[in-house]
Number of protein chains: 2
Amino acid sequence: MSSNEGAKWLPRKDVIIIGSGWAGSTLATSLDETKHSITVISPETTTPYTPLLASAACGLYEFNLVETPIRHTNKKIKFVKAEVEGIDCKAKTVRCIPAFDDLSVKDFVLQYDIVVIAPGSTNNTFNTPGVSEHAVFLRNAKDAMKIASRIQDCFEKASISGLTDAQKHSLLHFVIVGAGPTGVEVSSELSDLFSSSYASLYPHLKPYVSIAVHDVANQVLSGFDTKPQDYAIGSFTKRNVEVLTGSHIERVEKNCLYTKENGKISAGLVIWATGNKSTALVDSLPVKKTPRNPRILTDSFLRVYTPSSELVDGAYAIGDAADVEDARLPTTAEVECQKAKYLAKALNGKIDREFRYQQAAIVAYLGQNDGVVSGKKDYSGPQAWIAWRSKNFLWTRTWRQKVLIVIGWALDLVTGRSIAPR
Amino acid sequence: MSSNEGAKWLPRKDVIIIGSGWAGSTLATSLDETKHSITVISPETTTPYTPLLASAACGLYEFNLVETPIRHTNKKIKFVKAEVEGIDCKAKTVRCIPAFDDLSVKDFVLQYDIVVIAPGSTNNTFNTPGVSEHAVFLRNAKDAMKIASRIQDCFEKASISGLTDAQKHSLLHFVIVGAGPTGVEVSSELSDLFSSSYASLYPHLKPYVSIAVHDVANQVLSGFDTKPQDYAIGSFTKRNVEVLTGSHIERVEKNCLYTKENGKISAGLVIWATGNKSTALVDSLPVKKTPRNPRILTDSFLRVYTPSSELVDGAYAIGDAADVEDARLPTTAEVECQKAKYLAKALNGKIDREFRYQQAAIVAYLGQNDGVVSGKKDYSGPQAWIAWRSKNFLWTRTWRQKVLIVIGWALDLVTGRSIAPR
């Protein structure tokens, strides 16, 4: 009998995965179910396809195509809808709080053999007053639906009889805070939406619509090379998207925001896309972390250290919340996926080498048929758009969704975009 | 020059349609745009495909397939998102209140040559305490999404560690109030969902799930013949759906309801489907109406009367909110559509005869591959299901949606139902 066949008869290890993002869900679906009993703990029941969210918010995809549920009919993954409050690395337990406030059970404890910490990150508001209440984020399908619905509301409000021109201009001014990839993608998609479907649906409002991207930095696409940065600026100019670099947001209120440079700016919608910060779990965990905006530091086998640099037994960290010591990897879906797939192979007993990242292109979509790609090589224009769209296609996991996305694209060509936001 | 060609050069008449349901939207899309300037006023931007809502709530259709937006890129229909508060039939104006409470404009007045009153109806709670707060309705796509999301929440809550068997039974008891077509459809779809997808996704919860249909009447499908009634009862028995006829609901509270006959009944979700009542607009309009739960009485040309039976100039009423004097027509989508199409032809100058209803089959879906049809002839079983599904197909208007529905059915067969409720 070979050692592989023998492995099937060993007791299965209890693997707890904290987080249902790219990292957690990729690991959960890649682990060998004959060797592991897998439990995913997360307050979210679905994994969002982050790179498609901006397109979905602007009606290019159905909302159900930009997320996939953790519970699969053909996978034996247990799921617990809860927030992990703490980990006892000695007792090998996690303490959870249900994601529902009307249950008699207020907290509970689960035992593990292996814990994988992948809670991701949360929105960074930089403590700017009013952001959580009055701005919208773009992290999951619910956010995308909210943005689609708020955009439609702005156009419907501006269609009501008796409003002044100034009021229409205010309602139809859309502000994106943050000129990173998400901000650039959202503003490009918004511009495309307003010049296509919405221009036909609300022809009476076309003269009142405007888009502005604000960033505290002095450039857009900070972290990219100058070539894509220049290309993005040129594309914004072509699309009449106003770019305000070096803009300091002081606070956000209902239907307006205040900047240090320009004072009060009225806006129908403020989309906040300034980046990520660590979760409460990562902030409180007594493990080795990076100093500011902490991420968990792992060794090159993705294992977690104590603060005094001893390895913690059976504890791993992947995703946005983790970084490999001395590696300085970007927080992208591609890095997350590569780490998750590596860890699955390692836990399945298929490899015993260290994790090595294979750099691929980072893509930011700059409107229909036009984009920039940075990474292995720089290139711009239609090729980048094709790379971006092919990537979307590869990233989408189930056959059902792949088929519907292709059909969706074909139907977009023939019948125009789908625009029934809820 | 023929009289038809001459008509194009007459000034267009301002037609105001109050309501965006089946009646209002069918009329709006059927009116001749060269003769009429069309404005639809409604607090809802979409028309729901009412007969598909139960299926959508249970994951058989995508939510965006069960509604269609009033604003079309290829139709010149003006839309105003507002509630009509009153009509001045002498001045020929309607007074509107915007469907947004944060606008400086609090009300406004629009002028008409022709007004068509089609505001539909609202949920009838029979003044039962707690229904609006704690039960859910099923009138539009938003309701269907809410039900899908609440069902999933119940199963996720019941999956949390540490709950007692009694608590799981309570969370997974689903109550439908009202055994009319909607109640019968929802309970059949729920039963199918729980025995298919949800049985695979939550195998640990199967023993705890139960469904009950309550009705104050002594029979299900009141208004149908005894044959479909008996068939429905048999089908419920086969599906283990408990039927409680003669059940008087006293009040609904969070996670429970109270009946006169059985006292407190714990439930994860209460779906309220007891029928319709008139809107505030119809209640307040000084026109000729039916006495109780008022509907507007029209002549056989669908024209509105004053209370003293004089015709009101340029005012028509269609849809659930209206009835033809001495005709006693049922409030179904088919009647609504026939009236709307008749009125469009009449206003377009294509016919001058009276409205006559062509009775068609009334269908209630009793679970996959099984149903009852009442109307011209009674038949049961798979043929009824085919009639029902073909009807869905015919009722769905745009080509995009038709194609996606067919593909959706095919994919359901191959990959299982789509179950990512938000």
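Note on naming: letters A, B, ... go to the chains in the order of the sequence lines (proteins, then strands), and numbering restarts at 1 for each one.
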Begin from the C-alpha positions of A:Glu156 and B:Arg71 and carry the test side-chain contact (heavy atoms from CB on, under 4.5 Å) through to its verdict.
-> CA-CA 11 Å; A:Glu156 290 299 345; B:Arg71 289 192 192 269; 2.8 Å; yes
Should the heavy atoms of other residues, nucleotides or ligands under 6.0 Å from NZ of A:Lys92 be counted, would the total exceed 12?
-> yes
Which residues satisfy the side chain to side chain donor-acceptor pair (under 3.5 Å) test with A:Arg95, sequence neighbours excluded?
-> A:Glu85
Rounded to the nearest 0.5 Å, what's the gap from CZ on A:Phe79 to OH on B:Tyr202? Could you check?
-> 8.0 Å
B:Ile160 portion near chain A, given a 4.5 angstrom heavy-atom threshold = side chain
Is the NZ atom of B:Lys264 crowded by more than 12 outside heavy atoms at less than 6.0 Å?
-> no
Which pair of non-hydrogen atoms, one from A:Lys254 and one from B:Asp102, has the smallest distance, and what is that distance?
-> NZ-OD2, 3.3 Å
Under 3.5 Å, is there a donor-acceptor pair between the B:Ser104 and A:Gln167 side chains?
-> yes
Check whether any side-chain heavy atom of A:Ser161 lies under 4.5 Å from a side-chain heavy atom of B:Val80, and answer yes or no.
-> no
From the list B:Leu171, B:Asn255, B:Asp153, the residue making the most non-hydrogen contacts under 4.5 Å with chain A is B:Asp153
With a 4.5 angstrom heavy-atom cut-off, could you sort out which part of A:Leu163 is near chain B: side chain, backbone, both or neither?
-> both
Applying salt bridge (charged side-chain N to carboxylate O under 4.0 Å, His left out), name anything that partners B:Glu83, two or more places apart in sequence or on another chain.
-> none
Max heavy-atom pairs within cutoff under 4.5 Å with chain B, candidates A:Lys78, A:Lys81, A:Lys157, goes to A:Lys157
